[in-house]
Structure formats: C-alpha cells, structure tokens
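This report refers to the structure that appears directly beneath it.
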Amino acid sequence: MLRKNRLFTPGPTPLLPAAQTAMASFTAHHRTADFLPLFQRVLAEKKDFGGTQNDVLVLASSGTGVMEASVSNLTSPGDKVLVLTAGKFGERWTGLAKAFGCNVDVLSVPYGQTFSLNEIRAKITPDVKAVFVQATESSTGARHDVEGIAKIVRATGGASGNDTLLVVDAITGLGTTHLDVDGWGVDFIIGGSQKALMMPPGLAYCAVSERAWKRMDATTSPRYYFDLRKERKSAAKGESAYTPATSLFAALGAALDFIRGMGNGDLAKGREALVNNAELCAAMTRAGAKALGLSLFSSPPAAALTAITSPDGIDSGKIVKEFRELFDAVVANGQGEMKGQLFRIAHIGYYDYLDTVGILAALEHVLARTTGRAVEYGAAVKAAQVVYAQALADKRQLVGV
Ligand SMILES: *Cc1c(COP(=O)(O)O)cnc(C)c1O
C-alpha cells in the first residue's frame with residue numbers, strides 16, 4: 001500500500017503547509033523595511049502565544065542554545081542552583097549548569113515520574129539562585145507541576161531580597177500545556193520552533209521577567225552570541241543583534257497566523273485551542289493504548305506526547321521499526337537508559353483527529369506483528385472514538401466548534 005511519511009516524534013513535528021510556503025521563497029535583508037515589520041510583529045505576537053507580558057526574544061539556535069543562554073546569563077560560577085530532573089532533558093540542565101561552574105544541587109526522580117512538592121520545598125533555601133526544570137519531560141512524557149513549583153520558588157528568598165529565579169524549559173510545554181507565565185511568576189521560559197509552532201528546527205525563544213533582567217546585570221558567566229541584554233537592546237530598537245534566521249521568521253509569522261485562526265482572530269484564544277487540541281489527541285491515545293492492554297510509562301502524563309511501555313519481552317525498537325516499515329510513520333524510541341523499553345507518540349502542534357485515529361489503528365497492526373498476539377482490531381480506535389465523542393458532546397477541547 002502507498003505510504004506517506006509522517007512524523008509522530010516530539011520534535012521535529014509535522015510542518016504547517018502555510019509555514020513551509022511562507023519560508024520557501026522568502027528573501028529579505030534583515031536591516032530593511034522588507035524584514036523589520038515582520039520581526040517586530042513576530043516578537044509582539046510571541047507574547048500572546050506565550051501568554052506573557054515579559055520581553056520575548058527569538059534566537060537562531062536549537063532549543064538547547066537558549067537553555068544554555070539561561071544558565072550563562074542568569075548565573076555566575078559558584079552560584080548554588082537547583083536542578084529538578086526526571087529524564088534526559090533534566091540531565092541536560094545538570095550538564096549545562098556544571099559547564100558554567102554552578103554549584104549544582106540535583107533533585108532527581110526516576111524516569112517517568114514527577115517531583116514531590118514537599119521535597120522541592122525542602123531544597124529551596126534562600127541561597128539557591130535559580131531553579132531549573134522542564135514543563136514536560138519529553139524523554140518520558142511526564143508532566144511537571146510548574147504552578148506548584150513556582151508557588152514554592154516565589155515564597156522563598158523574596159524576603160531576603162535574594163530572589164530565587166525559576167527557569168522552565170517549556171520547549172514541549174508551550175502550546176501543549178496551560179501555563180500562566182506571569183501569574184505564576186516564571187522568570188525565564190523557553191520554547192523551540194520545531195515543536196508546537198509546526199515549523200522546522202532553527203529558532204528558540206524565551207520570555208524573560210524583570211527579576212531575571214535585573215539578575216543579568218550582576219552575573220559574570222561568559223557569554224557573547226547569547227548575551228541577552230544585547231539582544232534586548234536591539235529588540236527595543238525593532239531589530240536583532242545579529243543576522244536573524246529570516247526565512248524561519250517568515251514561517252513563524254505564518255504559524256502565528258494559523259494559531260490566531262484557531263482562536264477566531266484572537267491569538268491567545270488560539271493558543272488555548274492548540275493546547276486543548278493536544279490534550280484531546282493525548283486523551284484519545286491514552287485510551288487507545290490502554291484498550292490494547294498496554295501501559296502508559298509516565299505519571300502524570302503530559303499532553304505533548306504519550307509514552308507507552310513496550311509489552312513484556314519486546315524491544316520497543318522493534319515497534320518503532322514496524323511503524324516505519326508498514327506505515328512510514330516515525331514514532332520515537334525511548335532515550336538513554338529507556339531505549340528499548342518504551343515508544344513515544346507526539347501530539348505537539350499540527351496533529352488532528354485523523355492523525356490520531358490513524359496512528360492508533362496502525363498501532364493495532366504493529367502490536368499484532370511484533371508480539372504475535374491476537375489483537376482485537378478496532379479496540380484502540382473504538383476507545384479513542386469514545387473519548388472524542390465525549391469531547392464533542394461536551395463541546396469542549398474542540399477546535400472550530
Ligand atoms: C526538544 C527539546 C529540547 C531542545 O532540544 P534541541 O534539540 O536543542 O532543540 C529541550 N528540552 C525539551 C524538553 C525538548 O523536548
């Protein structure tokens with residue numbers, strides 16, 4: 001049968017056709033009126049997308065570049081920082097903070113789990129300069145309680161005038177999770193273009209609080225390209241410090257237009273609709289997997305992706321390979337120590353009902369072939385249908401209803 005190549009990976013994610021065409025023929029010099037209005041509009045609209053009034057900066061790098069920028073701009077060598085880690089991306093925070101000479105305290109929980117707020121509370125003393133965490137840990141599909149963590153951080157250190165900063169890697173969290181950046185007091189939140197924005201890799205962005213800007217005046221870690229104060233100064237004049245990824249800005253403009261359309265002309269509403277869409281795709285997928293007797297790997301599960309534990313005795317690599325060979329569908333294996341033990345299906349960005357039902361129907365065949373077990377065809381699809389029908393009845397979580 002004809003097969004279409006489709007990505008079900010938690011980044012890169014499927015591309016929005018309008019974003020692809022917008023960038024395909026885009027040429028403009030970045031210091032001219034051919035580009036500057038687009039740059040300025042995108043920076044302004046990114047605030048609505050992020051749900052924040054804080055300054056937003058967009059840089060040419062993968063997500064990790066701006067994760068590094070948060071460490072190099074907000075810390076000095078020897079600073080005590082707390083890293084909350086529950087997977088590969090949490091471990092990246094540890095690596096980055098150590099690379100910049102921080103005195104790193106690590107609160108680690110097993111892959112697939114999330115943190116106890118009480119344990120976090122015990123770790124955050126006023127001498128902790130910054131706390132680093134993921135909104136969703138893409139390696140395991142677990143959701144972390146950013147609101148709960150923010151409450152603890154904001155309650156600590158303020159009185160001594162030595163505010164602890166909260167830095168959130170929301171690279172898979174933005175556009176899949178309802179986040180109140182300003183209301184909760186998140187100081188530095190990070191996103192990437194190849195996730196919920198439905199466009200290629202190459203841009204990373206952040207929203208920076210006043211508290212974080214103030215910190216940057218005192219920190220001494222080395223930085224140059226990622227000197228955010230320089231970037232902010234240029235942005236205030238309506239341009240970027242260095243050559244921006246102009247064609248990716250064209251794609252980003254189109255993606256923001258699409259998201260605004262999801263909100264019937266209101267970008268903030270469109271962002272909510274995009275989050276609800278991911279939530280519904282994820283709920284359908286969880287129900288489908290359970291109906292096939294599979295177990296979910298993480299708790300609580302994020303809407304960004306669903307990590308499914310491989311059936312006993314089956315290397316998840318076999319499942320990933322079968323998806324590819326039968327359907328040309330790309331799902332993700334486990335990362336690091338979880339390789340072979342789980343597979344991941346993403347719901348970030350440009351996924352709809354038909355994608356979700358399709359991947360679940362495919363999963364039924366993949367499971368039958370890799371396990372040799374009898375699979376009741378339609379079981380996963382039926383369970384997903386029930387979830388969808390309920391959402392339809394509730395008129396919630398539905399784009400365009
Ligand atoms: C994708 C992702 C990143 C960024 O990875 P890059 O390859 O540098 O873009 C960071 N954190 C999380 C949680 C991610 O999902």
Side-chain angles (χ1 to χ4, degrees), residues 7-15 50 57-72 83-97 99 108-109 111-115 131-146 149 166-177 179 181 186 188-207 225-226 245 248 251-252 255 274-275 278 282 297-298 300-307 330-336 338 342-351:
L7 294 182
F8 285 90
T9 44
T13 61
L15 300 178
L57 300 174
V58 180
L59 290 137
S61 75
S62 86
T64 307
V66 172
M67 289 172 75
E68 174 165 328
S70 71
V71 176
S72 65
V83 168
L84 307 177
T85 171
K88 277 306 269 182
F89 291 99
E91 288 161 15
R92 191 167 297 180
W93 277 135
T94 307
L96 279 164
S108 149
V109 297
Y111 278 44
Q113 300 182 15
T114 191
F115 316 98
V131 177
F132 296 91
V133 69
Q134 270 65 40
T136 63
E137 172 53 72
S138 319
S139 66
T140 68
R143 181 195 299 261
H144 298 323
D145 179 3
V146 176
I149 295 166
L166 176 60
V167 182
V168 178
D169 163 7
I171 296 176
T172 49
L174 278 155
T176 65
T177 318
L179 298 166
V181 175
V186 176
F188 198 105
I189 191 161
I190 306 162
S193 58
Q194 79 275 33
K195 310 275 171 133
L197 289 170
M198 311 174 255
M199 46 179 292
L203 293 180
Y205 56 95
C206 54
Y225 174 74
F226 285 117
L248 290 174
L252 180 48
L274 187 65
V275 171
F297 181 75
S298 49
L305 69 149
T306 300
V330 186
V331 304
N333 201 334
Q335 286 170 288
M338 292 298 115
L342 59 91
F343 59 100
R344 296 173 294 149
I345 297 172
H347 323 292
I348 310 169
Y350 199 52
Y351 291 100

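Whatever order the structure lists ligands and atoms in, that order sets their numbers, starting from 1. All heavy atoms count here, side chains included; hydrogens, waters and symmetry mates do not. Nothing fancy with the numbering, it's 1 onward along the sequence.
For atom 5 (O) of ligand 1, the closest non-hydrogen atom of the protein is Arg92 NH1, 3.4 Å. Nearest protein heavy-atom contact of atom 15 (O) of ligand 1 is Ser138 OG, 2.4 Å. Closest protein heavy atom to atom 7 (O) of ligand 1: Ser62 OG, 4.0 Å. Scanning all protein heavy atoms for the shortest distance to atom 9 (O) of ligand 1 gives Gln194 NE2, 2.7 Å. The protein atom (non-hydrogen) at minimum distance from atom 1 (C) of ligand 1 is Lys195 NZ, 1.5 Å. Nearest protein heavy-atom contact of atom 11 (N) of ligand 1 is Asp169 OD2, 2.6 Å. The protein non-hydrogen atom at the shortest distance from atom 3 (C) of ligand 1 is Phe89 CE2, 3.5 Å.
For Glu137, no heavy-atom contact with ligand 1 is shorter than 4.0 Å. Residue Ile171 touches ligand 1 through its side chain alone, judged by heavy-atom distances below 4.0 Å.
Considering backbone and side-chain atoms alike, Gly63 places an N or O below 3.5 Å from some N or O of ligand 1.
Of all the atoms in ligand 1, the ones that sit under 4.0 Å from a non-hydrogen atom of Met67 are 10 (C). Remark: ligand 1 atoms within the under-4.0 Å shell around heavy atoms of Thr136 are 13 (C).
Remark: the backbone N or O of Gln335 is not paired with any side-chain donor or acceptor of Arg344 at under 3.5 angstrom. With Ser193 contributing its side chain and Pro200 its backbone, the two residues share a donor-acceptor pair below 3.5 Å.
Going from atom OG1 of Thr172 over to atom CZ of Phe89 covers 7.5 Å, rounded to the nearest 0.5 Å. Rounded to the nearest 0.5 angstrom, Phe132 CZ and Leu166 CG are separated by 9.5 Å. The distance from the CE atom of Met199 to the OH atom of Tyr350 is 15.0 Å, given to the nearest 0.5 Å. Note that OG of Ser72 and OH of Tyr225 are 12.5 Å apart. Values are rounded to the nearest 0.5 Å.
Ile190 does not count as a contact of ligand 1, since none of its heavy atoms falls under 4.0 Å from the ligand.
Paired with Gln134 under the rule side chain to side chain donor-acceptor pair (under 3.5 Å), one option of Thr114, Thr140, Asp169 passes, and it is Asp169. Applying the side-chain contact (heavy atoms from CB on, under 4.5 Å) test between Tyr205 and each of Ile171, Ile189, Leu197, Leu252 identifies Leu197 as the sole match.
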Point to revise | Trace of the side chain to side chain donor-acceptor pair (under 3.5 Å) decision for Arg143 with Thr177 | key: CA-CA 9 Å; Arg143 181 195 299 261; Thr177 318; 4.8 Å; no
